[in-house]
Amino acid sequence: MYEQWKYRRAEYMIFERILAYIHRHYRRSNLQVHDIAKDIHFSTGYLSLIFRRRMNQTLWEYITELRIDLAKHLLCTTSKKRDEIAYEIGYESPEHFSRMFKRYTGLSPTEYRNHMYNVYL
């Protein structure tokens with residue numbers, strides 16, 4: 001029983017370190033799972049397994065959600081253009097950002113901004 005608790009505690013601590021790294025660096029366009037693994041000192045496979053077990057999603061799904069949430073905030077609170085937002089949140093290509101944004105929200109960045117603008121009028 002103690003060994004099982006000890007294992008869960010160690011896994012939780014690794015998970016916390018993964019989350020901390022992601023939250024510090026998710027805006028980097030060149031972020032890779034390898035970077036996280038190198039910083040945490042575990043293999044990419046092990047990190048991916050722990051993350052999926054804890055979050056029921058992959059590291060990249062989580063990172064994409066963080067980026068999209070930040071993009072939504074920027075679209076609603078600034079007048080920045082799509083390209084500026086894309087680069088600021090970690091995408092190298094505004095087109096890729098638009099595709100991912102639409103996949104996660106169902107709207108293009110422009111449609112989202114216009115919709116949110118009309119909602120709060």
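All residue numbers refer to positions in the sequence shown, counting from 1. Both backbone and side-chain heavy atoms feed into the values below; hydrogens, waters and symmetry mates do not.
- Side chains of Ile85 and Pro109 form no contact here, defined as non-hydrogen atoms less than 4.5 Å apart.
- A 4.5 Å side-chain heavy-atom check between His96 and Met100 finds at least one atom pair inside the cut-off.
- Between Asp35 and Arg28, at least one side-chain nitrogen of the basic residue sits less than 4.0 Å from a carboxylate oxygen of the acidic one, meeting the salt-bridge criterion.
- Side-chain contact check for Glu11 versus Arg53: some heavy-atom pair is nearer than 4.5 Å.
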CA sep, side-chain torsions, deciding dist, call: Leu75, Thr110, side chain to side chain contact (heavy atoms under 4.5 Å, CB included): CA-CA 8 Å; Leu75 286 165; Thr110 302; over 6 Å; no
Evaluation steps, side chain to side chain contact (heavy atoms under 4.5 Å, CB included), between Arg17 and Tyr21: CA-CA 6 Å; Arg17 289 173 60 198; Tyr21 188 92; over 6 Å; no
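- Listed here is the closest heavy atom pair of Lys80 and Arg113: O-NH2, 2.9 Å.
- Taking the six-membered ring for Trp and the full ring otherwise, the centers of Tyr62 and His23 sit less than 6.0 Å from each other.
- Separation of the Phe101 and Phe97 ring centroids falls under the 6.0 Å cut-off.
- Remark: Lys81 NZ to Thr78 OG1 distance equals 11.0 Å, nearest 0.5 Å.
- Between the CD1 atom of Ile18 and the CD1 atom of Ile36 there is a distance of 7.5 Å, given to the nearest 0.5 Å.
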Residues Tyr46, Ile14; criterion side chain to side chain contact (heavy atoms under 4.5 Å, CB included); working and verdict: CA-CA 10 Å; Tyr46 186 62; Ile14 295 166; 3.9 Å; yes
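- Checking Thr58 against Arg52 by side-chain atom types alone, no donor-acceptor pair falls below 3.5 Å.
- Interatomic distance, OG1 of Thr64 versus CG of Leu59, reported as 10.5 Å (0.5 Å rounding).
- Inter-residue side-chain proximity for Glu111 and His115 is flagged as unmet; no heavy-atom pair is nearer than 4.5 Å.
- Once rounded to the nearest 0.5 Å, the distance linking OH of Tyr26 with CG of Leu19 reads 12.5 Å.
- Interatomic distance, CG of Leu74 versus CG of Leu70, reported as 4.5 Å (0.5 Å rounding).
- In terms of heavy-atom proximity, Ala71 sits nearest to Ile89 at CB-CD1, 3.7 Å.
- Taking all atoms of both residues into account, the shortest heavy-atom contact from Gln57 to Phe51 is O-CD2, 3.5 Å.
- Across all non-hydrogen atoms, the minimal contact from Ala86 to Pro94 is CB-CA, 3.8 Å.
- Counting only heavy atoms from C-beta outward, the side chains of Tyr91 and Arg99 never approach each other to under 4.5 Å.
- For the pair Arg54 and Tyr12, the cation-pi test (distance below 6.0 Å, angle within 45°) is failed.
- Leu47 and Ala37 get closest at one heavy-atom pair: CD1-CA, 3.1 Å.
- Atoms CD1 and NE2, on Ile63 and His25 in that order, are 11.0 Å from each other to the nearest 0.5 Å.
- Looking at Trp60 and Val33, their side chains come closer than 4.5 Å, going by heavy atoms from C-beta outward.
- Counted within 6.0 Å of CZ on Arg103, heavy atoms from surrounding residues, nucleotides or ligands total 12 or fewer; the atom is thus considered open.
- Between Tyr112 and Cys76 the shortest heavy-atom distance is CE2-SG, 3.7 Å.
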